[in-house]
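Heads up: the structure comes next, in structure tokens.
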Amino acid sequence: MSQSFLSVQPYKGTRDFYPEEMRFRHWLFESLRQTVSAYGYEAYDGPMLEPFELYAAKSGQELVNEQLYSFEDRGGRKVAMRPEMTPTLARMVAARSSQLSKPIRWYSLPNLWRYERPQRGRLREHWQLNVDLLGLSSEAAEIEIVQIAIDILRNLGASSFDFEVQLSHRELNNDLFSRVLKLQPEQTAAVARAIDKRAKIPAEKFEELLHEAACSAEQISTLKHFLDAPLLEIGEVYGESEGYLAMCRFFDGVNALGLGPVCRFNASIMRGLDYYTGTVFEVYDKHPDNRRALFGGGRYDNLVGMFGQTQVPGVGFGMGDVTLKDFLEVHGLMPELQSHVDVLIGLFDADMLITSQALARQLRAEGLRVEAVLQPQKLGKQFQYADKKGIPLVIMIGPDEATTGQATLKNLRTGEQQTLAQADLLPTIQAQLKI
RNA sequence: GUGGGUGUCGCCAAGUGGUCACGGCAUCGGAUUGUGAUUCCGACAUUCGUGGGUUCAAAUCCCAUCAUCCACCCCA
């Protein structure tokens, strides 16, 4: 018998958002929106479905081959559910690049899909804040974007000790690979992957990976020295490459803004997406229970150009709600949220329904959030209900009040109760809500 | 895709072969019918993810299957 019922579980890797979870999501998104709005960023959105080719071109092998939700539509077109937002953004910008006034400051909160096995911090569907600044080639863009990333975490309650922004530059790495190490082109991918993993694996394992990539002992030692060197030393020892100079300009900027302690140069930061062309960065959680990359981004100067119109440089990042929630949890920053109802209008008995409804309408018209009891219940139940839902005020109109045009207002926080003329309710309520 | 853990009421959870499967939270009802958070009383799994097997007897052992979590791979 039970076999004939449908499962109540959500699809693997997806979540139901009951009101409780939805309250958190709204709280989180609202905080994110406020932060990016403070920098003048405007919201945009695109379709959840895109042509398969949009991702095939630039997003990276694994992402496209293994983790894309894709299908053929009824017209035989290959379609994909968006696994990331940046290609959509690039497409939208490219479509109107000549009309949009630069720089373009946009943000989005899309839900994204990736087919993979769910694990801590990674599900199949998640929501991701995307913040992008397009139309600027100078490091001023990076400096603004990194400031936003920092402010987002701070405005969620994090302190500067809770996280760290680690940055590197694709051109710095390319210069290392080709000019300093003189790697063959076919070696670079494997070396890059080894560098990317370095923080998570033992030193011997790292060397082993480099051996497998056909690196000589000398190359390995040079590479290790390079990766461990402070930024300035790289310039002194290995020459001032284009990427090096860009990093210097960036750090001069953030240091002058007092953000130096939160930002650190780390030549090991690689990032997997193929379309990054310059600065790349990742924000790390410093909590011992959650030492991981929270989110990251970088510069993509060629992405818009692949649509054939003019080239528009861009910098941006994406942060997912799942990792962000993990971050807030380990740092004790989760808010305690309740529903936002100001007043419950009780129902003394069925005869009072219209009276209480009329009062509710009146108070709502004044901008209050008013919930009204619709079915007569014991008064105790009604007060209990308000208490459980965290509604601070209850209004009750019984026969006594009705005859005199009064109402009884009880404040559940203070326990105080008063009976007053219905006309005087509004100022009293407003005063009590401010407490 | 690979490896490991777990699956007992909405949630947490005791129980490891032998009467009707502890307990807590939540939910619902009640404590002389105009008032809540405390307290008290009561209700709430013929059933232990599902299917099969072993046994006189299984939530407890075995097999399969599904789900979920963690790690790897990879990475927004």
Side-chain angles (χ1 to χ4, degrees), chain A residues 1-3 5 7-16 18 20 55 59-68 81-89 108 110-131 193 196-197 200-201 205 269-276 280 282-283 292-298 300 316-324 344 346-349 352 373 376-402 407-419:
Chain A
M1 162 185 158
S2 62
Q3 288 168 321
F5 289 115
S7 169
V8 295
Q9 278 183 336
Y11 170 69
K12 185 196 262 296
T14 66
R15 290 162 290 167
D16 291 326
Y18 286 86
E20 191 188 336
Y55 306 106
S59 289
Q61 289 297 313
E62 170 90 11
L63 178 65
V64 172
N65 295 338
E66 316 281 343
Q67 303 187 336
L68 210 54
M81 286 167 82
R82 59 187 177 194
E84 54 161 339
M85 197 59 180
T86 312
T88 299
L89 168 72
S108 189
N111 56 333
L112 306 177
W113 292 83
R114 300 185 94 192
Y115 189 83
E116 64 179 342
R117 280 183 80 153
Q119 57 191 283
R120 180 175 169 82
R122 286 166 72 189
L123 301 174
R124 288 184 173 180
E125 184 192 27
H126 75 139
W127 273 257
Q128 187 189 65
L129 171 70
N130 275 252
V131 183
R193 216 178 358 253
D196 194 33
K197 281 186 194 169
K200 290 194 280 185
I201 60 179
K205 182 75 185 159
I269 299 293
M270 300 298 298
R271 296 197 62 70
L273 292 172
D274 292 343
Y275 52 65
Y276 288 123
V280 285
E282 289 185 343
V283 179
R292 65 208 306 269
L294 291 169
F295 63 96
Y300 48 89
F317 65 85
M319 62 178 0
D321 68 320
V322 184
T323 42
L324 211 42
L344 178 74
L347 183 60
F348 188 84
D349 58 35
M352 300 303 296
V373 177
Q377 267 185 318
K378 288 189 148 184
L379 297 193
K381 290 285 169 204
Q382 300 187 31
F383 283 90
Q384 203 173 46
Y385 176 82
D387 186 58
K388 275 181 188 154
K389 286 196 73 173
I391 303 172
L393 302 173
V394 178
I395 292 172
M396 196 63 73
I397 303 175
D400 297 348
E401 291 91 341
T408 295
L409 174 69
K410 177 158 183 174
N411 186 322
L412 296 191
R413 294 201 182 128
T414 63
E416 285 167 21
Q417 177 173 315
Q418 57 186 307
T419 300

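For clarity, every value in this text was computed on a predicted model and none was experimentally measured. In the text below, chain A, chain B and the rest are named by the order of the sequence lines, each starting its count at 1.
By the salt bridge (charged side-chain N to carboxylate O under 4.0 Å, His left out) test, A:Arg122 is found to be paired with A:Glu116, residues two or more places apart in sequence or in another chain being considered. The side-chain contact (heavy atoms from CB on, under 4.5 Å) search around A:Lys378 returns A:Lys381, not counting sequence neighbours. Applying the ring-ring contact (aromatic ring centres under 6.0 Å, His included) test to A:Tyr276 and every residue at least two apart in sequence or in another chain returns nothing. With sequence neighbours excluded, the residues forming a salt bridge (charged side-chain N to carboxylate O under 4.0 Å, His left out) with A:Arg15 are A:Asp321, listed by chain and number. For A:Glu282, the salt bridge (charged side-chain N to carboxylate O under 4.0 Å, His left out) partners are A:Arg271, not counting sequence neighbours. Applying the salt bridge (charged side-chain N to carboxylate O under 4.0 Å, His left out) rule to A:Lys205 yields the partners A:Glu208; only residues at least two apart in sequence or on another chain are considered. In terms of the ring-ring contact (aromatic ring centres under 6.0 Å, His included) criterion, A:Tyr385 has no residue partners (sequence neighbours excluded).
In this structure, CG of A:Asp16 is placed 15 Å from P of B:rG10, rounded to the nearest angstrom. Here the P atom of nucleotide B:rA71 and the CD atom of A:Glu116 are 12 Å apart, to the nearest Å. Here the C1' atom of nucleotide B:rC69 and the CG atom of A:Leu123 are 11 Å apart, to the nearest Å. Between A:Gln67 atom CD and B:rC74 atom P the separation is 11 Å, expressed in whole Å. When the C1' atom of B:rC75 is taken as reference, atom CH2 of A:Trp113 falls 18 Å away, rounded to whole Å. Summarising the geometry, the separation between CG on A:Leu324 and P on B:rA76 is reported as 17 Å, rounded to the nearest angstrom. Atom CD1 of A:Ile201 is separated from atom C1' of B:rC73 by 13 Å (rounded to the nearest Å). What separates NZ of A:Lys197 from P of B:rC75 is a distance of 9 Å, to the nearest Å.
Taking atom C1' on both B:rC9 and B:rC44, the two are 8 Å apart, rounded to the nearest angstrom. Here the separation of B:rU2 from B:rC20, taken at their C1' atoms, is 46 Å to the nearest Å. B:rU6 and B:rA45 are spaced 28 Å apart, taking the P atom of each and rounding to whole Å. One P atom belongs to B:rC25, the other to B:rU65, and the distance between them is 40 Å to the nearest Å. A distance of about 25 Å separates the P atoms of B:rA13 and B:rG51, rounded to the whole Å. Taking atom C1' in both B:rA58 and B:rU46, one finds a spacing of 15 Å when rounded to whole Å. Taking atom P on both B:rG10 and B:rA37, the two are 26 Å apart, rounded to the nearest angstrom. Taking atom C1' in both B:rC62 and B:rG24, the straight-line distance is 34 Å, to the nearest Å.
Nucleotide B:rC22 forms a pair with no other nucleotide shown, judged by Watson-Crick or G-U wobble geometry with both contacts under 3.5 Å. Across all strands shown, B:rA37 remains unpaired; no Watson-Crick or G-U wobble contact has both distances below 3.5 Å. Of the nucleotides present, B:rA43 is the one that pairs with B:rU27 by Watson-Crick or G-U wobble criteria, both distances under 3.5 Å. Across every strand in view, B:rC72 sits in a pair with B:rG1 that passes the Watson-Crick or G-U test at under 3.5 angstrom. Across all strands shown, B:rA64 forms a Watson-Crick or G-U wobble pair, both distances under 3.5 Å, with B:rU50. Nucleotide B:rG17 has no partner under the Watson-Crick or G-U criteria, as no pair reaches both atom distances under 3.5 Å.
Between A:Lys410 and the phosphate of B:rG36, there is no side-chain N or O to OP1/OP2 separation shorter than 4.0 Å. Residue A:Arg271 has a polar side-chain atom (N or O) positioned under 4.0 Å from OP1 or OP2 of B:rA76.
For the pair A:Phe348/A:Leu379, a side-chain contact is recorded, criterion being any heavy-atom separation below 4.5 Å from C-beta on. Considering only heavy atoms from C-beta on, A:Arg292 comes within 4.5 Å of A:Thr323 through its side chain. Here the side chains of A:Val280 and A:Tyr300 are not in contact, with every heavy-atom distance at 4.5 Å or above.
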Would you give a per-nucleotide map of nucleotides 25-34 of chain B, 5' to 3', where B means the base has a protein non-hydrogen atom under 4.0 Å away, S means only the sugar-phosphate does, and - means neither? --S-SSS--B

Please list, pair by pair, any protein nitrogen or oxygen found under 3.5 Å from a nitrogen or oxygen in nucleotides 37-42 of chain B.
{"from": "B:rA37", "atom 1": "O4'", "to": "A:Asp387", "atom 2": "OD2", "distance (Å)": "3.2"}

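The base of B:rC75 has none of its N or O atoms less than 3.5 Å from a complementary donor or acceptor on the side chain of A:Arg292.
Heavy-atom nearest nucleotides on RNA chain B were determined for A:Arg193 and for A:Pro118, and the one closer to the 5' end corresponds to A:Pro118.
To the nearest 0.5 angstrom, A:Arg114 atom CZ is 14.0 Å from A:Glu125 atom CD.
In the set B:rA76, B:rC74, B:rU2, the nucleotide with an atom closest to the side chain of A:Arg117 is B:rU2.
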